[in-house]
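The block underneath contains the structure these notes are about, expressed in structure tokens.
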Amino acid sequence: MNPHSFRRFKENKKYAILVAYLVTLSQDLIDQAIEIHDRQMMILQSKGRKTQEEMQRENGKAVNEKVVHFADIGAALIQAREEGLDPFSAIEKVMSWDKIVTSVEEAKKLARPMDYDYLDLLGNRFSYLRKYTPALLKSLEFRSTKATEPLLRALKTLNEMNESGKRKVPDGSPLDFVPKRWQKHVYDEEGTINRHYYEMAALTELKNHIRSGDVYVVGSRLHKDFEEYLVPKDEWKTTNLKETRLAVQLSAEEYIEDRRKALAQRFTWVSNNLDSLEAVNIEKAKLRVDRLEKDTPEEARNFSLSLYNMLPRIKLTDLLMEVAHWTGFDEMLIHASTNRPPKGEEKVILMAALMAMGTNIGLTKMADATPGITYHQMANAAQWRLYDDAINRAQATLVNFQHKLALASYWGDGTTSSSDGMRVQVGVSSLHVKANPHYGTGKGATIYRFTSDQFSSFHTKVINTNARDAVHVIDGLLHHETELNIEEHYTDTAGYTDQVFGLSHLLGFRFAPRLRDLADAKLYTIQNPSDFPELESLLRGRINTKIVHENFDDVLRLAHSIREGKVSGSLIMGKLGSYARQNKLATALREMGRVEKTIFILDYISNEALRRRIQRGLNKGEAMNGLARTLFFGKRGELRERGLQDQLQSASALNIIINAISVWNTVYLTEATKLLKEKGSLREDLLKHISPLGWEHINFLGEYTFDTKKIADLHSLRPLIH
């Protein structure tokens, strides 16, 4: 917001906005500082490992030579002892004394400590950390559980040393926090504390304990005290379980008994029907499910082509304007300051801005290609109208319109969905992206998209490529504004963890991932494994019902907090996933998830219809990604925005265009089917096999005009810009 616009507000509103902005900015900066520290410590360790690998690679030939020398000398000594010869004479027959001395000196230089790791190579990296760590320890306030108090005392000691300029670690400084592998480096040979390694050990443990939640940062949004993420205990105690909108309105005892019955029922059925499960083989205590046979009729493809051949050719610009006219999705892009929907020329500017970001060509190139629309007009529209809430409303409008079209009901009823990530390389330096082997030496992010069974994309996020997709599943299922009532959700193998299974069940969703690693899947039972002798070899353990019982109320409070929007599912699941194993809440949710995962696996192997639903759902998501990659053609398909919010804005604009294409195609495919029906040639049984994501008839690239009247010759060149 520019100063002129801000100045129009009344005093109270100005100060309220400034305070809110500064609080938010402070949280963001603290979280970025922690992210930078986390990354620097990872780089420190990576450099140490890389240095060690390079040393081993460079010294490999020399080390091998010394091993050969040692073997030759050893053989000579053995021979001398066995034959009663002078050992020195025997050795010198193998190697001259001068060469032996030289070889020993060289070996000393090559030798690494007996229990070596890369930590002894980090000493020279200390100066890099000192560029920011004094400011980090001085500026941020850390608090912790009782178990990590020695670490906080160590950080306080380091801060005091920085303030006073002392170089030597004071006697009596806390050492309880130092991990065993660091101890031999923290203490010098004289028994004194090595300042460099003491500080590096403390900073490494700070990173680890912030991740695990044992240390939290005052003023942070992502790393605050775990209790702050949840609804207060007093409020939870007065909450009627029926008011929570959770799927389990039971006591711990009733919950455990209900899940015991559900497990026993499925174990019994599978045990009794092993011979009739033709696609399932249980060999060597491992499950194996045969690949599904293709069930799409051969004529479906030709039928789809015949329908698409009837569709008129259209430019993407015209398509967006038509869909906006039908659905009114552009009316949802309300100005953040004036609260007015776009009117007249504003709509055209808005469509141009959406297309510029959604196709990734950028506002500058779009302005060059669009007469009458300037960069500043589109930038203004992007800033004031294409913010998160507005785009979510526009997206919901498109999804809801698609949901009500009769043809969409052939593809699904809007109760199932899938999610999948589309990896995108990031061509600029950004705090939020990390290296991934998928990009070679480059870095990237993942556009994580949720697709309904009706070929509409109802939620999108930009996430770290190295993060597991699983932690983001709950966000998309809970925080879309559409009329879809999702009951069953599909992901690929990377999209699940035990805890996601547990949380999905509590929130009322059936979580159904495609299991590529089925052979290694672990089944659990609440009863004694010997109760199911036919499957006993597959059972890896029993559910710890004691820890579920003890922490059931806390798990429900966690699920209620996520359902009510107190904390996002991705944030809290990321926290729980990195917590230490002894964290009882994380362990209880994991045990509950193991119950649901086992129930799902037993359903998965015994129900071909379920496996086919999962396959079809994931295929729709992959088709959506195919269209997305074709649309996102600008800048070689790379994101060039540094900030996560700007990257998300581009991904959301892309989603709007995808949904607009799906709506337009569905409307015109409906007309095509009507025409075929009139002719008596409609194959209604094949309608469920077509997709509204075709694009051959859509011109994404615009038009080029070749004007012979505007050619400049060598004697009348176009004027330069001053």
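In this chain, residues are counted from 1 in sequence order. Note: hydrogens, waters and symmetry copies are ignored here, and every other heavy atom, side chains too, is used.
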Shortest non-hydrogen contact from G219 toward Q27: O-CG, 3.2 Å

Residues R594, E591: salt bridge by 4.0 Å N-O rule: yes

Lys/Arg N to Asp/Glu carboxylate O, K233 vs E235, below 4.0 Å: no

Point-to-point distance, once rounded to the nearest 0.5 Å, from CG of L203 to CG of D38: 12.0 Å

Under 3.5 Å: donor-acceptor pair, side chain of S173, backbone of V169: no

SB check R221 D28 (cutoff 4.0 Å): yes

For P87 against A80, the heavy-atom pair lying closest together: CA-CB, 4.0 Å

Side chains of I193 and L175 in contact at under 4.5 Å (non-hydrogen atoms): yes

Aromatic plane relationship, F501 with F600 - under 30° parallel, 30 to 60° tilted, over 60° perpendicular: tilted

Atom pair CE/CG of M161 and L137 - distance to nearest 0.5 Å: 11.5 Å

Residue pair E596, M592: steps toward the side-chain contact (heavy atoms from CB on, under 4.5 Å) verdict: CA-CA 7 Å; E596 303 312 320; M592 295 166 75; 5.9 Å; no

Closest approach of N159 to P134 (non-hydrogen atoms, all atoms of both residues): OD1-O, 4.4 Å

CA sep, side-chain torsions, deciding dist, call: L478, L507, side-chain contact (heavy atoms from CB on, under 4.5 Å): CA-CA 9 Å; L478 286 181; L507 294 171; 4.0 Å; yes

Non-hydrogen side-chain atoms of L155 and F177 separated by less than 4.5 Å: no

Flag side-chain contact, heavy atom, 4.5 Å: S530 against E536: yes

Separation between OG1 of T497 and CG of L589, rounded to the nearest 0.5 Å: 8.0 Å

Pair Y448-S419, side-chain hydrogen bond (donor to acceptor under 3.5 Å, both in side chains): steps then yes or no: CA-CA 7 Å; Y448 196 56; S419 55; 2.7 Å; yes

Stepwise ring-ring contact (aromatic ring centres under 6.0 Å, His included) check, Y255 with F552: CA-CA 9 Å; Y255 168 82; F552 188 71; 5.2 Å; yes

Under 3.5 Å donor-acceptor, R143 side chain and V218 backbone: no

Minimum-distance pair of heavy atoms, taken over all atoms of L558 and L576: CD2-CD1, 3.7 Å

Main-chain N/O of S144 paired with T148 side-chain donor or acceptor, under 3.5 Å: no

Pairwise distance CG(L477) to NE2(H472) - rounded to 0.5 angstrom: 13.0 Å

Side-chain ion pair, K207 and E205, N-O less than 4.0 Å: no

Minimum side-chain heavy-atom gap V104-H69 below 4.5 Å: no

F511 side chain near V500 side chain, heavy-atom distance below 4.5 Å: yes

Test item: S103 side-chain N/O and K99 main-chain N/O as donor-acceptor pair under 3.5 Å: no

Flag if over 12 foreign heavy atoms under 6.0 Å of NZ, K47: no

Stepwise side-chain contact (heavy atoms from CB on, under 4.5 Å) check, V217 with D31: CA-CA 9 Å; V217 188; D31 288 338; over 6 Å; no

Under 3.5 Å: donor-acceptor pair, side chain of N194, backbone of Y197: yes

Sidechain-backbone polar pair: R557 side chain, V231 backbone, donor-acceptor under 3.5 Å: yes

Which atom of A588 lies closest to which atom of V548, heavy atoms considered: O-CG2, 4.0 Å

Residue Y132 excluded, over 12 heavy atoms near OH under 6.0 Å: yes

Flag, side chain of D475 to backbone of S570, donor-acceptor distance under 3.5 Å: yes

Backbone of A445 reached by a side-chain donor or acceptor of R423 within 3.5 Å: no

Backbone of T491 reached by a side-chain donor or acceptor of R514 within 3.5 Å: no

Worked check of ring-ring contact (aromatic ring centres under 6.0 Å, His included) between Y216 and Y229: CA-CA 12 Å; Y216 60 94; Y229 292 120; 9.8 Å; no

Shortest non-hydrogen contact from G421 toward T446: CA-CG2, 3.5 Å

Check: E160 main-chain N/O paired with S164 side-chain donor or acceptor under 3.5 Å: yes

Over 12 non-hydrogen atoms of neighbours within 6.0 angstrom of CZ in R288: yes

E35 side, atom CD; I210 side, atom CD1 - distance, nearest 0.5 Å: 11.0 Å

Min side-chain heavy-atom separation L263-V595 under 4.5 Å: yes

Spacing of L538 atom CG and T525 atom OG1 [to the nearest 0.5 Å]: 12.0 Å

Over 12 foreign heavy atoms within 6.0 Å of CG, D86: yes

Parallel, tilted or perpendicular: ring planes of H196 versus F126, cut at 30 and 60 degrees: parallel

Lys/Arg-Asp/Glu bridge criterion (N-O < 4.0 Å) met for K597, D498: yes

Residues R130, E199: salt bridge by 4.0 Å N-O rule: yes

Q499 and M573: CA distance, side-chain angles, deciding distance, side-chain contact (heavy atoms from CB on, under 4.5 Å) verdict: CA-CA 8 Å; Q499 291 172 333; M573 295 302 285; 3.5 Å; yes

Heavy-atom side-chain contact between L222 and I34 under 4.5 Å: no

Note, V426 side chain near E638 side chain (heavy atom, < 4.5 Å): no

